[in-house]
Amino acid sequence: MSATSGIRPTKGYLMETKRRVQIVERGAEFLKLKRDQLAKELTSSLEVLKGRRILLLDNLKEAYNALTAAYLSLGPTEVKSQTRSIKKTLDLEVLPRSVMGVVYPDVKIISTPEIAAELDITLAHAAEKVYEIIEELIQLAEFEARVERIADELGTTNRKVNALENYVIPDMKHVIKFIEDKLDEESMEELVRIKLIGGVKKSAR
Amino acid sequence: MNLGLGYVVLRTHARIADLLTKEQMRTLAEATDIDDFLVKLETTPYGKAEVEADERLALNLEKMFIKKFTERIEEIVKITPTKMGKFLHAYFDFRFEVLNIKRILRGKFTDSSVEEISESLIPIEPYIVKSYNEIVTAENLKESVMKLKGTSYQSLIDKLDLSEQYDALWPLELELNYIYARNILKLTETLPRRDRHIVNSLVKYETDVENVLIAIKRRGKTDVDLDEIFPVTYGISKEDLRKVIDATNLNKAIDELQPPYNEVLAPIKTGDIALVRAMLRKGKYEAATKARAGDQFGFNVILAFLVYSEIEKDNLVGLAWGKVQGLSSEDLMKYIVIPWD
């Protein structure tokens, strides 16, 4: 179906459509600004994410080594048994947070269990390292979720901008041109009709 | 059957020769994987490992090594003259019983199942308690501790309030450490005077190092009640322990400790905390070797053999676990003690 089918070529409709085009164009400009800002945010976030991942891998290696050393020093059964003396667990709170309309989870560590007193020093050291990793993992997961949502939002915004620029606005402009042409045609017909009537009246005199 | 000390010492010398040599231990550590480790183990006095090769292989091998170790103790204790035999029986079985009670209490503290707790126990006959099963199947932690009423572990009942107050297990675990140390030192009085020194030094050395490790763990805390945390101290005084707790510079605090404690704890300065356990074992090994060298025909030889056996057991447990995990021999060798030739 053509964009102009069912359109009433009236001056009122032309004015209304022109007003709407202006609003849509302003909206498209805003979306372009949002898209640019999101792209900027995504680029810088990806850099940070890359750095954090490298750091996390290093820390993971360190924690793994500490845990391995604890197993080698104490034996697997003793390690398993000592971990049973830890009753409390990590207490987390997950709340939604929004930046530029992008909602992502914000994870807060409310409390970490007291582990040092309960475990052998080798295992306590390993557990401390593992808890540090868990905190980093939570922060990284939160950051990754944020980056993912920003990327999704960027994709959506980009599609909206493209749709507005390539379809909606050209279609509306086409409609405006169609109405203007129709109105011009009608006014031309009107002028010819007036001229003809004027000529007939003159010859009748 | 109790035979003369000379005979037991002779038998012990022969048994020391049965322990894995430095080369055998290195060969095991250099095994490419756990299958290779088991093949290499077959060529040692341990022979073919009759264990299930499932996902619990490391735990099964640990059990096997512990069984071998307890058999070694029993064989020697059985033929050792009454007083010494009784002491050695106490020295090892009491220690393992304390470890078993700790494991039971940990399980009860976090409501682990009876099967899980029983699985973690060292397979030895009860030494002081009547039965482990009775403590394992108790309703809760309090009931388990109450089952120890009237035994050498009676003082644990007094620590229950503290445990409940902190909602933690450390008051009970610390008390168990001191019950063991106090009782063993008391038992050494039954030994001839010349044999007491080595036992005293081993127990005191271990207690002192554990005290420093506890102090390190409590570093920076202002509300530490020294009498509550360290009811027994030997070579390292409470003042020294207080210095460690209050130290802003831990490396300096470790350096200021007297030898051999500053040497044993030196790995902490480089961040390799687990190496302290290897150093502790090394210290015990050296003390036993020194005592053995001082008297090749007495009690020291028997005790040295049992200390070596325990270190060998710990090494093999670590190696087997490491091989199951696919760790390299360099990583493994760092944490095991294989100094004998």
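Each chain gets a letter, A, B and so on, in the order the sequences are listed, and its residues count up from 1.
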Which atoms of L123(A) approach chain B - backbone, side chain, both or neither, heavy atom under 4.5 Å: neither
Distance, nearest 0.5 Å, that separates CG of N65(A) from NZ of K334(B): 8.0 Å
Distance, nearest 0.5 Å, that separates NZ of K80(A) from CD of E119(B): 7.0 Å
Rounded distance [0.5 Å steps], CD1 in I268(B) versus CD1 in I121(A): 4.5 Å
Part of D120(A) within contact of chain B (heavy atom distance under 4.5 Å): both
Part of R106(B) within contact of chain A (heavy atom distance under 4.5 Å): both
Atom group of D111(B) that falls short of 4.5 Å from chain A, counting heavy atoms: neither
Which of A124(A), G75(A), P76(A), A126(A) touches chain B most, by non-hydrogen pairs under 4.5 Å: P76(A)
Inter-residue atom distance D272(B).CG - H125(A).NE2, 0.5 Å rounding: 7.5 Å
Interface moiety of S120(B) toward chain A, non-hydrogen atoms closer than 4.5 Å: both
Proximal component of L327(B), with respect to chain A [non-hydrogen, under 4.5 Å]: side chain
Per-residue contact mode, R103(B) against chain A (heavy atom under 4.5 angstrom): both
Euclidean distance, S81(A) OG relative to L99(B) CG, rounded to 0.5 Å: 7.0 Å
OG1 on T77(A) to CD on E62(B), rounded to 0.5 Å: 3.0 Å
Under 4.5 Å from a heavy atom of chain A, the part of K313(B) involved: neither
Max heavy-atom pair count under 4.5 Å with chain A, selected residue of F109(B), Y335(B), W321(B): W321(B)
Side chain / backbone / both / neither for R219(B) at chain A, heavy atoms under 4.5 Å: neither
Chain B contact via T68(A) - which portion, at a heavy-atom distance below 4.5 Å: both
Which portion of A168(B) sits near chain A, non-hydrogen atoms under 4.5 angstrom: both
